[in-house]
Amino acid sequence: MKRTHTCGELREQDIGQEAVLFGWVDGYRDKGGCIFVDLRDRDGVTQLVFDLQVNEGPLKVARTLRLEWVIGVRGRVRDRGTMRNPRMPTGAIEILVDDITVFNQAETPPFVVQDDVKASEELRLQFRYLDLRRPTLQKVLRTRHRTNQVVRNYFDGQGFLELETPFMVKYTPGGARNFVVPSRIQPGKFYALAESPQLYKQLFMVAGMDRYFQIVKCFRDEDLRLDRQPEFTQIDMEMSFVTQDDIFRVIEGLIFRIWKEVLDVDLLEAYPSGRFPQMPFYESMARFGNDKPDLRFGLEHTDLTGLVIDHRGGGIPLLQSLADKFTSGRYRQDLPQEIVKAMRIPAEHKLSRKEVDRLEDFVKGMGAQGMARAKVAPEGGWTQSPFAKVVTPAFRDAVNAATGASPGDLLLFQIGKEPVVQTVMANLRLHLGKKFGLIPEFGSGGQWRFLWVVAPPLFEWDEENQVWAAAHHAFTRPYDEDVPLLETDPGMVRCYRYDLVLNGVELGGGSVRLHDSKVQAAVFKAMGLRDDDAREKFGFLLDALKYGAPPHGGIALGMDRLCMLVSGRESLRDVIPFPKTQRGSCLMTDAPTPIDPALLEDVRIVTTV
RNA sequence: GGGGUUGUAGUUCAGAUCGGUAAGAACGCCGGCCUGUCACGUCGGAGGUCGCGGGUUCAAGUCCCGUCAACCCCGCCA
């Protein structure tokens, strides 16, 4: 028998044809005198029919079939007449089987292979090859394939070269923790698995490749999350002789193409200019508490720190002590920065006291000390609030005005160290957005809100080592007008770094690189890096930059996250064929495992557990 | 490193505030019947170390301690 059709393609117009189909038994209904079998392959499901009157031999075989057996059948495409199934694409027809071959029997699967899967993810990961038979996951992988093809076509059409970079690279401290690979030939030395092709793609620019892209695996030994895997895929690119805006245009073009060709969505309807909006980093932090705002709904934050200082705490002891930390309008630098933020919950979103209590537990789980609240009364006063009795009317009115609070609204406050307040408020906003039904629990809800977050600070203060550390990497170009601040106020230096955000998910990020050696030296100096330190860490790149590096920049997009959003899945694990668990295990293969002691000896490794 | 949720039949779950009369359902599986099903129907049957270890108790699925695994979050990570 030679296959003539897939299980998803036969239609009304094929009636009367002979067809040979191969596939898996998706279901069977034994009526005694006739048996119906659903045959499944990656393209769909076709109903087979065995009839005692017509084909007794095959019917006897069909009676023995069980779920997930692999069979082939030859038969005639027949009209189902009045018994058509409108819910099946092939529902108009069935195959009246003349001949059947059982290629392979199957043990009873640990869970039933069906879209409406009930088995736990743990079990499905253990039998991933069965899980992947489900039509939804087949569709996801097909979408991933399509996306890959669009990316390659697009970049090729734009003059990019698809070039490969090593996975086994030199270990460089800083940034994400590396997976390490011991060298057998050079005992005691190690390679690192590449966190990204970052340095190599810059070397491609120095080498004059002009435009590079790659769909590439990256490895990071950090704790996992719903949207983080230890090995993941990036769409990586770099361009020479460009500005930030040139890079934006290329990526916007790519995204438009993917949405059109994979989803059949024309983003021009939402973005008629073909461009995505941009928002400065500081604005995003102030309004949303993070650098990846979900713009599909409101519940924005208001930063009240300035008001609190102006009103010397507004009669509220907790805020008074915070205001006291400011001297002559400037925060005391010997203390960690503390801020005050509020979120206005409009009256239309009812929250019982009990629900607000639960919200307080929710934020405490993220490190918040508590969560003050205030209900706005008809004349603007605050009730149901720990502040109600002490707040000065002037401060209260100022807060109401700043947050836009009107009677019936609820105000939620966070007071404390800046990073905690921001994290808590950002998560609180998302939590409430879902709770109020403003955004779906997961998925896009058909809304695609893209945003470039731009102009973040070049440095972050490293509390542990008491130095300024590169927030992205040390080769990001600062804003020209901020270059003087490198010496006076490094924390205020903005840079040409950017993140592409979609519906609150960071799709990717990149930067325009620093190619001016004078500015580069100033950046290293601000970081407290001596010349030889820098040389130790980045020597080969510094050398390369000396030999005629073009101005260049690039970006990397998270392929897995992109596929997750495009496919409307809630988890990265759903769009990676063989993902790992939160502790980095593969439940199917049981990796990681101990290895043969002889192999350890070969690479001169002694373990201590 | 920290916080939280979950773990009972092959699978998904119930088994409540009160420790004993509770080892249960559905799907799947096995056998019988059925010629138009497509969540087929119907009759019957098998299937359990209640994650694992310890403790309290006359008695533990249920209470306590520990441990393992999966999941979610903080830290970490672009």
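Chain identifiers are assigned alphabetically (A, B, ...) following the order of the sequence lines, protein sequences preceding nucleic acid strands; residue numbering begins at 1 within each chain.
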What's [X] touching, base or sugar-phosphate or nothing? Going by heavy atoms closer than 4.0 Å.
| X | result |
| --- | --- |
| A:Gln47 | base |
| A:Arg80 | base |
| A:Arg66 | sugar-phosphate |
| A:Arg78 | base |
| A:Ala556 | nothing |
| A:Ser196 | nothing |
| A:Glu94 | base |
| A:Arg220 | sugar-phosphate |
| A:Phe36 | base |
| A:Ser120 | sugar-phosphate |
| A:Leu123 | sugar-phosphate |
| A:Met83 | base |
| A:Leu224 | nothing |
| A:Phe50 | nothing |

Can you tell me how the ring of A:His473 sits relative to the ring of A:Phe475, calling it parallel under 30°, perpendicular over 60° and tilted otherwise? tilted
Using the six-membered ring wherever Trp is involved, compare the ring planes of A:His431 and A:Phe362 and label them parallel, tilted or perpendicular (cut-offs 30° and 60°).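 It falls in the parallel class, under 30°.
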Thinking salt bridges, do A:Glu231 and A:Lys217 make one under a 4.0 Å N-O criterion?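 Answer for the salt bridge query: yes.
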Any carboxylate oxygen within less than 4.0 angstrom of a Lys/Arg side-chain nitrogen, looking at A:Arg561 and A:Asp227?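 Result for this pair is yes, salt bridge flagged.
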I want to confirm an ordering. Mapping A:Gln53 and A:Thr108 to their closest nucleotides on RNA chain B, which one lands closer to the 5' end? A:Thr108
More 5' along RNA chain B: A:Gly175 or A:Thr581, using each one's nearest nucleotide? A:Thr581
Where do A:Tyr191 and A:Tyr171 land on the ring pair (Phe, Tyr, Trp, His ring centres under 6.0 Å) test, with the steps shown first? CA-CA 6 Å; A:Tyr191 304 94; A:Tyr171 168 73; over 10 Å; no
[N] and [M]: how far apart are their [atom1] atoms, nearest whole angstrom?
| N | M | atom1 | result |
| --- | --- | --- | --- |
| B:A26 | B:U21 | P | 23 Å |
| B:C58 | B:C71 | P | 42 Å |
| B:A39 | B:G31 | P | 24 Å |
| B:C52 | B:G61 | C1' | 14 Å |
| B:A46 | B:A25 | P | 12 Å |
| B:G2 | B:C76 | C1' | 12 Å |
| B:A23 | B:G66 | P | 30 Å |
| B:U57 | B:G1 | C1' | 37 Å |

Looking only at side-chain N and O atoms, does A:Asp115 offer a donor or acceptor that is under 3.5 Å from a partner on A:Thr136?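 Their side chains do contain a donor-acceptor pair, which is all the 3.5 Å distance test asks for.
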Identity of whatever pairs with [N] - Watson-Crick or G-U, under 3.5 angstrom:
| N | result |
| --- | --- |
| B:U67 | B:G51 |
| B:C27 | B:G10 |
| B:G41 | B:C33 |

For B:A22, does the O4'-C1'-N9-C4 or O4'-C1'-N1-C2 angle fall within 90° of 0, making it syn, or is it anti?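 B:A22: syn.
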Chi-based syn or anti call at B:C33, which uses purine or pyrimidine torsion atoms and a 90° bound: anti
Determine the minimum heavy-atom distance between A:Ala474 and A:Met527, stating which atoms define it.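 Closest approach of A:Ala474 to A:Met527: CB-SD, 4.1 Å.
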Considering all heavy atoms of both residues, which atom of A:Gln582 and which atom of A:Arg225 are nearest to each other, and what is their separation?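 Heavy-atom minimum between the residues: NE2-CA, 4.0 Å.
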Can you give the first and last nucleotides of RNA chain B, 5' to 3', that have an atom under 4.0 Å from a heavy atom of chain A?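 Boundary nucleotides touching chain A, in 5' to 3' order, are B:G1 to B:A78.
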Pi-cation contact, A:Phe297 with A:Arg429 (under 6.0 Å, within 45°):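 The answer is yes; both the distance and angle limits are met.
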